[in-house]
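Scope of the values below: all heavy atoms of this structure, side chains included, with no hydrogens, waters or symmetry mates. Bear in mind the structure is a predicted one, so any value in this text is a computation, not a measurement.
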Amino acid sequence: MPESNEVLIIVGDATETVDTLYPYLRIQEEGFTPVVAGPEARRYNMVLHEVPAAGWDITREYEGYTLKADIAFRDIDPSNYAGIFFSGGRAPEYIRDDPDLIRITRYFFEHNKPVASVCHGVEIPARANCVDC
């Protein structure tokens, strides 16, 4: 059976727009097919984090775009995917406890498949006891 060219992109409500869309496009540029996965196969609201004005040391959160998840976590067979990407934003704060997402995450680490994350995305493999923080 040939190796899959599909890469999971893990999202939820409040996934950061740039953290998600830039990798989504880069994955395609490298010849892979992104498959967006969320707690449910539905449309998710993303957010933008930008410095609102001079004098601010931190970012402010704004409403971003939306992105539809192609598949729900519970329906994923991780052996069908070449890699996994954990996006940032606030979504990892609540999706990290999803038992199916933990199962999927552990599979990628146990099988030494490519794993990537940005920003708060690392909370998911940390919760799955795959990385030390």
*Give the minimum heavy-atom separation between Val11 and Phe73, together with the two atoms involved.*
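Heavy atoms of Val11 and Phe73 come nearest at O-CZ, 3.9 Å.
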*Taking all heavy atoms of Ala72 and all of Ala41, pick out the closest pair and write down the distance.*
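Heavy atoms of Ala72 and Ala41 come nearest at CB-N, 3.9 Å.
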If the threshold is 4.0 Å, N to carboxylate O, is there a salt bridge linking [X] and [Y]?
{"X": "Glu40", "Y": "Arg74", "result": "yes"}
{"X": "Glu30", "Y": "Arg26", "result": "yes"}
{"X": "Asp13", "Y": "Arg43", "result": "no"}

Nearest 0.5 Å please: distance from the [atom1] atom of [X] over to the [atom2] atom of [Y].
{"X": "Glu63", "Y": "Thr17", "atom1": "CD", "atom2": "OG1", "value": "9.5 Å"}
{"X": "Met46", "Y": "Glu16", "atom1": "CE", "atom2": "CD", "value": "8.5 Å"}
{"X": "Asp19", "Y": "Cys119", "atom1": "CG", "atom2": "SG", "value": "5.0 Å"}
{"X": "Asp77", "Y": "Ser4", "atom1": "CG", "atom2": "OG", "value": "10.5 Å"}
{"X": "Phe85", "Y": "Ile27", "atom1": "CZ", "atom2": "CD1", "value": "7.0 Å"}
{"X": "Asp75", "Y": "Asp70", "atom1": "CG", "atom2": "CG", "value": "12.0 Å"}

[X] versus [Y]: any side-chain heavy-atom pair under 4.5 Å?
{"X": "Ile76", "Y": "Asp100", "answer": "no"}
{"X": "Thr105", "Y": "Leu101", "answer": "yes"}
{"X": "Val115", "Y": "Phe86", "answer": "yes"}
{"X": "Arg103", "Y": "Pro78", "answer": "yes"}
{"X": "Tyr24", "Y": "Ile9", "answer": "yes"}
{"X": "Thr15", "Y": "Val47", "answer": "no"}

field: Within one Ile-Leu-Val-Met-Phe-Trp-Tyr cluster: Tyr22 and Val7, side-chain cutoff 4.5 Å
entry: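 As far as the 4.5 Å side-chain criterion goes, Val7 and Tyr22 are not connected within one cluster.
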- Please, which pairs that meet ring-ring contact (aromatic ring centres under 6.0 Å, His included) have at least one residue in residues 97-124, sequence neighbours excluded?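 Every pair satisfying ring-ring contact (aromatic ring centres under 6.0 Å, His included) with a residue in residues 97-124: Tyr107-His111.
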Table please: side-chain donor-acceptor pairs of residues 32-39 below 3.5 Å, with sequence neighbours left out.
{"from": "Thr33", "atom 1": "OG1", "to": "Asn5", "atom 2": "ND2", "distance (Å)": "3.4"}

Run through Ile124, Ile84, Val122 and flag the one making a side chain to side chain contact (heavy atoms under 4.5 Å, CB included) with Ser117.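 For Ser117, the side chain to side chain contact (heavy atoms under 4.5 Å, CB included) check succeeds only for Val122.
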inquiry  = Evaluate Asn129 against Arg106 for side-chain contact (heavy atoms from CB on, under 4.5 Å), listing each step before the verdict.
reply    = CA-CA 8 Å; Asn129 295 316; Arg106 288 179 177 160; 3.8 Å; yes
Thr66 side chain to Asn45 backbone, donor-acceptor under 3.5 Å =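 It does not hold such a pair.
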